[in-house]
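In listed order, ligands and their atoms are each counted from 1.
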Amino acid sequence: MNSFRLASILLLAAGTAMAQTPAPAQADATKPAPPPAIKSFDLSAIDKTADPCTDFYQYSCGNWVKNNPIPGDQVRWARSFSLLGERNRYLLWQELDAAAKSPSSPLQKQFGDYFAACMDTSLVEKKGLTPIEPAWKQIAALSDAKQLPALLSKLENDGTPDGFFEFEVGQDDKDSSKQIAQIAQGGLSLPDRDYYLVDSKRFTAIRAQYVEHLKKMFTLAGDTPEQAAKEADAVMKIETALAKASTSRTDLREPANRYHIYTVADFQKTTPAFDWPTYFHSIGIGQFDSLNVATPEFFKVLSALIQSEPVPAWKSYLRWHVLHGQVTHLPKAFFDENFDFYGKTLAGQKEPTPRWKQCSSATDRALGEAVGQDWVKQNFPPQAKTSMDKLVASLEKSLGDDIKTLPWMSDATKKAAEEKLALIRNKIGYPEKWRDYSSIKVDRGDLIGNLHRSAVYERNYNFAKLGKPVDEKEWDMTPPTVNAYYNPSFNDINFPAGILQPPFFDASIDPAVNFGAIGVVIGHEMTHGFDDEGSQYDGQGNLREWQTAEDRKAFTERTDCEVAEYGSFEAAAANGDVPAQKLNGKLTLGENTADNGGLRIAYMALLDTLAAEGKTINDKIDGYTEAQRYFIGFAQVWCQNQTEQASRQSALVDPHSPGRWRVNGTVQNFDEFGKAFGCTVGKPMAPAHSCRVW
Ligand SMILES: [Zn+2]
C-alpha cells in the first residue's frame with residue numbers, strides 16, 4: 001500500500017517500478033501476441049559508422065535505437081527491460097487467462113477470479129462510481145477537522161487510499177533486528193515536489209494543466225463547473241503547501257535525514273492538530289511508544305494546515321485522493337481523462353496500455369506470490385539457479401580482490417569492507433516460503449472490493465511485523481519481475497526469476513556476454529552495499545560508520561567526482577524555449593557508483609572464468625574479442641528510446657541515469673574499455689582523468 005519506503009531498497013532500474021504503478025488505461029481491443037525471442041548479443045543493433053571511442057552507446061545501440069521506435073502504449077522502450085518485461089507479462093497473462101477460464105487449484109481460482117474481475121469492463125461501466133460512494137459519504141460527513149484521524153483510519157481500515165502520508169512498520173535503521181513504526185511525508189499527486197514549486201514556463205504550464213485535470217475529474221464525478229473549480233483550487237492549495245514542506249528526493253538519500261526517533265507523546269506535541277493516539281489506536285496496529293518520523297517538518301506543516309484550511313477544503317482533498325487512488329479501476333470516462341493528463345501530457349504516452357496488460361500487472365501486484373508459484377515452475381528451471389549461484393560466487397570473489405587492491409583505502413577499512421562483503425546474503429529466483437493469501441476474499445464481480453481487500457491484507461501483513469523478529473527470507477519483488485535490488489537493512493542482494501532470462505542470462509552464449517549483462521547486474525547490486533547510501537550501513541544492516549574518518553573523506557572526494565561527471569550529462573536536449581535538462585549527479589550517485597563498480601568487478605570475474613577455461617580475453621567470436629563482447633553485451637542491456645516528457649520526468653524522480661549515460665559514463669571510467677577498443681587516451685571514452693570509487 002505504501003509506495004514510499006523508509007529504508008530504501010536500491011533497484012537496478014526504474015522500468016519495473018514504472019510498470020507496476022497503476023498506469024492510466026482502460027478497455028483496449030489489442031490482442032495479446034507472443035513476443036519475439038530476444039537476442040543476447042545483437043550484431044544488428046551495432047552502428048558501425050560510430051566510433052566506439054567517441055560514443056560507445058551510439059556504437060553498441062545506434063541501429064537498435066533507430067529501428068525500434070517507442071510503441072504507442074509505452075513511454076520508454078528498452079532492448080532488455082522492456083522486451084523481457086513484455087515477454088514475462090505475456091507468459092503471466094497466458095497463465096491468468098487459463099486460470100480465469102478453468103482453474104485447477106484453489107490458488108488458480110483466486111488469481112483467475114482477480115484477473116477476470118479486472119477484465120470485466122462492462123461490469124465496471126455498469127457500476128459507475130458506486131464502489132467509491134461509501135468512502136465519499138464518510139468524507140461528506142466530516143464536520144470538524146478534529147474528526148480527521150478517525151475518518152482517515154476508517155477509510156484505511158476499508159482499504160481505501162486517502163493519500164495523506166505514509167505509515168508503515170519497517171526495520172530500525174540503527175538496529176536492523178527491530179521492526180518499528182515509521183511515518184513519512186506523502187500527499188502529492190504530481191510526480192515530485194518540483195512540479196509544484198519550480199518557477200519555470202514548463203512547470204507553470206503543467207500546473208495549469210493539472211488544475212484543469214482536477215476540474216474535469218470533479219465534473220465527471222457530478223460537480224457543477226463552479227463547484228469543480230473550487231474543489232480543484234482547494235486540492236492544489238493543500239498539495240502545494242505539502243510540497244513546500246516535503247524533503248527533496250536528493251536529501252532523502254541521506255539516511256540521517258530520514259531518521260528521527262520520537263516518543264508518540266513528543267511527536268504529538270509537534271503536531272497538535274492531529275490526534276495521533278486516536279489514529280494509531282483505530283488503525284489496528286499493536287501498541288508502541290516511539291516511532292521514526294522520517295520527515296518531522298512535513299508533519300508540523302500538515303498540523304498547521306489542518307488548523308488553517310477550512311473543513312470543506314479537506315473534504316475536497318480527500319475526495320480527490322480517493323478518486324485518483326483507484327481511477328484505473330473506474331469507468332472509461334475517468335480512465336480516459338486520467339490517461340490524458342498522466343499518460344499523454346506528463347509522460348508523452350500516445351495510447352493507453354491494453355487492458356490485458358493492466359490486469360496482468362494488477363494481479364501480479366495483488367497476488368504475486370500466488371501467481372509466481374506456477375510461473376517459476378514453467379520459466380525457471382533448477383539448473384538456472386545453480387548457474388546463478390556460481391556467477392554470484394565469482395563476483396563475490398572479484399569484489400573481495402578489488403577491495404584488497406583499492407589504492408585509497410586503509411587496511412583497517414579494507415578489513416571492515418571485507419567483513420561486510422562476507423555477510424551479504426543472496427536470494428535468487430523466488431522465495432523459499434510463499435506468502436499465504438487465503439484470507440483475501442476475491443469476488444469475480446467486485447473489482448474495487450478486491451483491490452480494497454488486497455490493500456487491507458497488505459497493511460495487516462505489514463502491521464503484524466511490529467516488534468516481531470525480522471523475516472530475512474521475505475522478498476520485495478514478485479518472481480516475474482525484470483529487476484533486482486539490494487536492501488541495506490538486510491544486507492542482501494535479490495534477483496527475481498524474471499531477470500534471469502535472455503538477454504541478461506543465456507545458457508547458450510559465451511561467458512563474456514553473460515558477464516557483461518547479468519554479471520554486471522550482480523556486481524551492481526553488490527556495489528550498492530558500498531555506495532554513498534549503502535556504505536553507511538554495516539554488515540548487519542545497521543546505520544553505523546565502519547570507515548575511518550580519513551577513508552570516508554577519500555570516499556567522498558571520489559564520489560564527488562562522479563557527482564560532477566554525471567551532473568554534466570544531459571537527460572533531455574533543449575526544445576524550443578524549454579531549456580535542456582541535466583542529470584542530478586547527487587540523486588543518481590548511488591546507481592552510478594553501482595554501475596561503475598559492477599562493470600569493473602564483473603570484468604575481473606570474467607578474466608578468472610576465462611583463465612579457468614583456458615581461454616583469454618583476446619579470443620575472437622564473430623569478429624569481436626571477448627573483451628569487446630563483454631563491453632558490447634553490457635551496453636546492449638541499456639539500448640533504449642524514451643519520450644522527451646518521460647526523460648524530463650525521470651531526471652527529477654529516477655535515481656537511475658538514462659541508458660546512454662549508464663553506458664558512456666561508466667566505460668569512460670574504466671581503463672580496460674579503452675584497451676579493448678584501442679582508444680587513444682584523450683578520446684571521450686578514454687579520458688586522461690576519470691572517476692573511480694570501487
Ligand atoms: Zn541499483
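Side-chain atoms of Thr413 and Ser410 include a donor-acceptor pair closer than 3.5 Å. Side chains of Arg552 and Ser535: a donor-acceptor N/O pair is present below 3.5 angstrom, by distance only. Under the 3.5 Å distance criterion, with hydrogens and angles disregarded, a donor-acceptor pair is assigned to the side chains of Gln74 and Glu86. Donor-acceptor pairing under 3.5 Å is recorded for the side chains of Asn491 and Tyr486.
Residue Ala594: no N/O/S atom is found under 2.8 Å from the Zn ion (ligand 1). Residue contact annotation: His524 places an N/O/S atom under 2.8 Å from the Zn ion (ligand 1). The Zn ion (ligand 1) has an N, O or S atom of Glu591 closer than 2.8 Å.
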